[in-house]
2 protein chains.
Amino acid sequence: MHRSLTPKGEATRARIIEGAAQVLRESNVVSATLDDIRQQTGTSKSQLFHYFPEGKDQLLLAVAQYEADRVLDDQQPYLSCLTSWDAWYQWRDVVVERYRSQGDTCPLSALFLQIGRTTPGARAVVVELLKRWQAELAAGIRAMRDGGHLPASYDVDEAAAALLAGVQGGVSIMMSTGRSTHLEAAIDVGIRHLRMGGRELARP
Amino acid sequence: MHRSLTPKGEATRARIIEGAAQVLRESNVVSATLDDIRQQTGTSKSQLFHYFPEGKDQLLLAVAQYEADRVLDDQQPYLSCLTSWDAWYQWRDVVVERYRSQGDTCPLSALFLQIGRTTPGARAVVVELLKRWQAELAAGIRAMRDGGHLPASYDVDEAAAALLAGVQGGVSIMMSTGRSTHLEAAIDVGIRHLRMGGRELARP
DNA sequence: CCTAAAATGAACTGGGAAGTCCATTTTTAG
DNA sequence: CTAAAAATGGACTTCCCAGTTCATTTTAGG
């Protein structure tokens with residue numbers, strides 16, 4: 001990516017990403033300018049282009065990657081050990097609290113809208129995030145199944161997909177309404193569905 | 001709203017909104033300019049400001065309202081008569097098909113990002129849409145309950161909220177991945193949960 | 001008809017924001 | 001120590017796009 005970066009350069013680059021992330025969280029992504037970022041990070045215009053030669057989009061993509069990494073980190077250690085019903089409820093509380101405190105800003109969705117979902121890089125970041133997220137949920141469900149809390153025939157991947165969709169939608173609705181009702185309902189109903197063992201009736 | 005609008009003016013105004021909607025669906029919202037809309041609708045700059053004196057934001061908000069109205073319309077007549085399991089599955093198919101054909105563009109989420117969620121008008125549009133959508137789902141669930149397909153104690157509003165969140169998240173994931181897997185899983189699991197009667201265990 | 005209001009066309013303005021350039025300072029490595 | 005490479009400062013350029021202005025054409029209504 002870079003031929004050489006001194007420790008100082010590395011630090012500056014990191015500072016730019018973190019500062020940019022903060023600016024994007026505070027102001028609207030659309031209206032955030034390079035000058036805002038420059039001011040926030042205490043850098044000069046030439047530095048921004050020194051570290052991100054392809055310009056603003058490259059910087060925004062780096063911020064998106066940074067934010068994507070944080071999404072799962074913020075759910076740890078709970079997300080990785082969904083091995084009891086109690087753990088599931090703890091995870092629930094962490095997720096709700098994380099997004100509630102975030103308020104009505106979703107840096108990621110905003111960023112992707114700005115960069116364009118179709119950009120290969122942008123799509124890769126979000127797809128990778130969703131994939132890892134769903135894998136963690138699936139692992140948790142599988143653990144419950146193997147622990148005998150769910151029937152052996154249970155469709156783990158479908159349940160994980162549905163739960164992930166619920167969380168995404170709950171967050172997205174919270175952005176608009178400012179209320180966490182839907183996020184809570186989605187997770188609660190999702191967990192309850194697990195606890196019922198998801199016995200299904202055939203589609204007529 | 002307007003002191004007087006001749007039929008011709010009315011038609012032009014409508015043409016602007018529809019043309020703008022089309023432009024916003026085809027290109028990225030962020031990069032769409034008034035000149036694009038002007039060209040698409042065969043109007044002049046002064047006409048845009050004649051019909052939307054407050055400028056671009058006002059026009060975008062009108063487009064958002066237009067798109068919001070279409071969201072529920074496109075689900076009719078199925079959304080309004082969810083009175084049998086068969087009807088639920090028909091609705092499911094319509095929703096999946098609607099969003100699948102829409103591809104990876106979500107005019108609404110893009111618009112709201114651009115206008116800013118905090119703008120009173122913008123927030124009102126999306127909140128109203130969600131409210132009506134959820135009310136329709138709740139009516140359907142209530143119908144099933146009253147028809148004896150669900151226990152009388154069933155929490156209709158929570159189920160409707162969770163289902164709506166699932167749909168939202170499924171659509172949002174489809175935007176990123178291009179696949180309808182999650183949307184289908186969310187709705188399927190949601191309906192299945194209904195069919196199981198949503199019997200719940202107490203939270204420990 | 002005829003006049004006032006509404007609708008339209010098109011050139012123009014002003015500002016803001018991305019991106020460039022080059023001089024200067026700092027760091028690295030031999 | 002010193003020369004090359006990296007990091008930094010900040011003014012400057014360029015251009016795009018929202019919004020304005022005003023003249024002209026069309027429509028409505030008495």
Side-chain angles (χ1 to χ4, degrees), chain A residues 1-20 23-24 26-64 110-111 113-116 119 121-122, chain B residues 1-20 23-24 26-64 110-111 113-116 119 121-122:
Chain A
M1 194 167 181
H2 291 276
R3 289 172 310 195
S4 60
L5 267 199
T6 70
K8 188 179 178 186
E10 204 78 64
T12 302
R13 189 186 145 92
R15 199 174 77 242
I16 291 175
I17 293 179
E18 284 159 29
V23 169
L24 296 175
E26 285 166 1
S27 72
N28 191 4
V29 174
V30 201
S31 60
T33 76
L34 288 185
D35 270 314
D36 295 335
I37 296 171
R38 194 188 54 68
Q39 191 165 0
Q40 168 75 30
T41 58
T43 54
S44 66
K45 210 67 166 295
S46 71
Q47 281 173 288
L48 297 185
F49 284 88
H50 180 68
Y51 294 103
F52 304 94
E54 290 162 42
K56 193 179 187 183
D57 280 357
Q58 190 187 3
L59 170 55
L60 291 183
L61 185 58
V63 175
L111 277 165
L113 232 48
Q114 176 85 359
I115 310 176
T119 308
Chain B
M1 192 167 183
H2 289 276
R3 292 171 309 197
S4 60
L5 225 19
T6 68
K8 188 179 179 186
E10 204 78 65
T12 302
R13 189 185 145 93
R15 198 173 78 241
I16 290 174
I17 293 179
E18 284 159 30
V23 169
L24 297 175
E26 286 166 0
S27 73
N28 191 5
V29 173
V30 199
S31 60
T33 76
L34 287 184
D35 270 315
D36 295 336
I37 296 171
R38 193 188 53 69
Q39 190 164 0
Q40 169 76 31
T41 58
T43 53
S44 68
K45 210 68 165 295
S46 71
Q47 281 173 286
L48 297 184
F49 284 87
H50 180 68
Y51 294 104
F52 303 94
E54 290 164 41
K56 193 180 186 182
D57 280 357
Q58 189 187 3
L59 171 55
L60 290 183
L61 185 58
V63 175
L111 277 166
L113 189 69
Q114 178 83 0
I115 309 175
T119 307

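Lettering of chains follows the sequences in order, A, B, ..., and the numbering in each one begins at 1.
One finds no side-chain N or O of T12(B) lying less than 4.0 angstrom from the OP1 or OP2 phosphate oxygen of dA7(C). Considering only side-chain N and O atoms, K56(B) lies under 4.0 angstrom from the phosphate OP1 or OP2 of dA18(D). The side chain of S4(A) places an N or O atom within less than 4.0 Å of a non-bridging phosphate oxygen (OP1 or OP2) of dA6(D). Y51(A) has no side-chain polar atom (N or O) that falls below the 4.0 Å cut-off from OP1 or OP2 of dA6(D). Taking only side-chain nitrogens and oxygens, T6(A) comes nearer than 4.0 Å to OP1 or OP2 of dA7(D).
For the segment residues 39-49 of chain B, residues with any heavy atom less than 4.0 angstrom from an atom of DNA chain C are, sorted by number, S44(B), S46(B), Q47(B).
The two residues T33(A) and K56(A) come nearest to each other via the heavy atoms CA-NZ, 4.4 Å. When all heavy atoms are compared, the tightest approach of F52(A) to A62(A) is CE2-CB, 3.9 Å. Nearest heavy-atom pair, D36(B) versus S31(B), reported as atom, atom and distance to 0.1 Å: OD2-O, 3.9 Å.
Q58(A) places its CD atom 15 Å from the P atom of dA18(C), with the value rounded to the nearest Å. The distance from atom NZ of K8(A) to atom P of dA5(D) is 18 Å, rounded to the nearest whole Å. Straight-line distance from the CD atom of E10(A) to the P atom of dA6(D): 13 Å, rounded to whole Å. One can place NE2 of H50(A) at 19 Å from P of dT24(C), the figure rounded to the nearest angstrom. Look at CG on L60(A): it is 12 Å from C1' on dA18(C), rounded to the nearest Å. To the nearest angstrom, P of dA18(D) lies 10 Å from CG of L59(B). Here dC16(D) presents its P atom at 12 Å from CG of D36(B), a figure rounded to the nearest Å. In this structure, L34(A) atom CG and dT20(C) atom P are separated by 11 Å, rounded to whole Å.
T41(A) places none of its side-chain heavy atoms less than 4.5 Å from the side chain of V23(A).
Atoms CG and CG, from L61(B) and D57(B) in turn, are 8.5 Å apart once rounded to the nearest 0.5 Å.
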Please report the C-alpha distance between L113(A) and V29(B) in whole Å, then the side-chain angles of each, then the deciding distance to 0.1 Å, and finally whether the side chain to side chain contact (heavy atoms under 4.5 Å, CB included) criterion is met. CA-CA 8 Å; L113(A) 232 48; V29(B) 173; over 6 Å; no
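Exactly one of I17(B), T43(B), L59(B), L5(B) qualifies for a side-chain contact (heavy atoms from CB on, under 4.5 Å) with Y51(B). That residue is L5(B).
The residue among G55(B) and P7(B) whose nearest nucleotide of DNA chain D is located toward the 5' end is G55(B).
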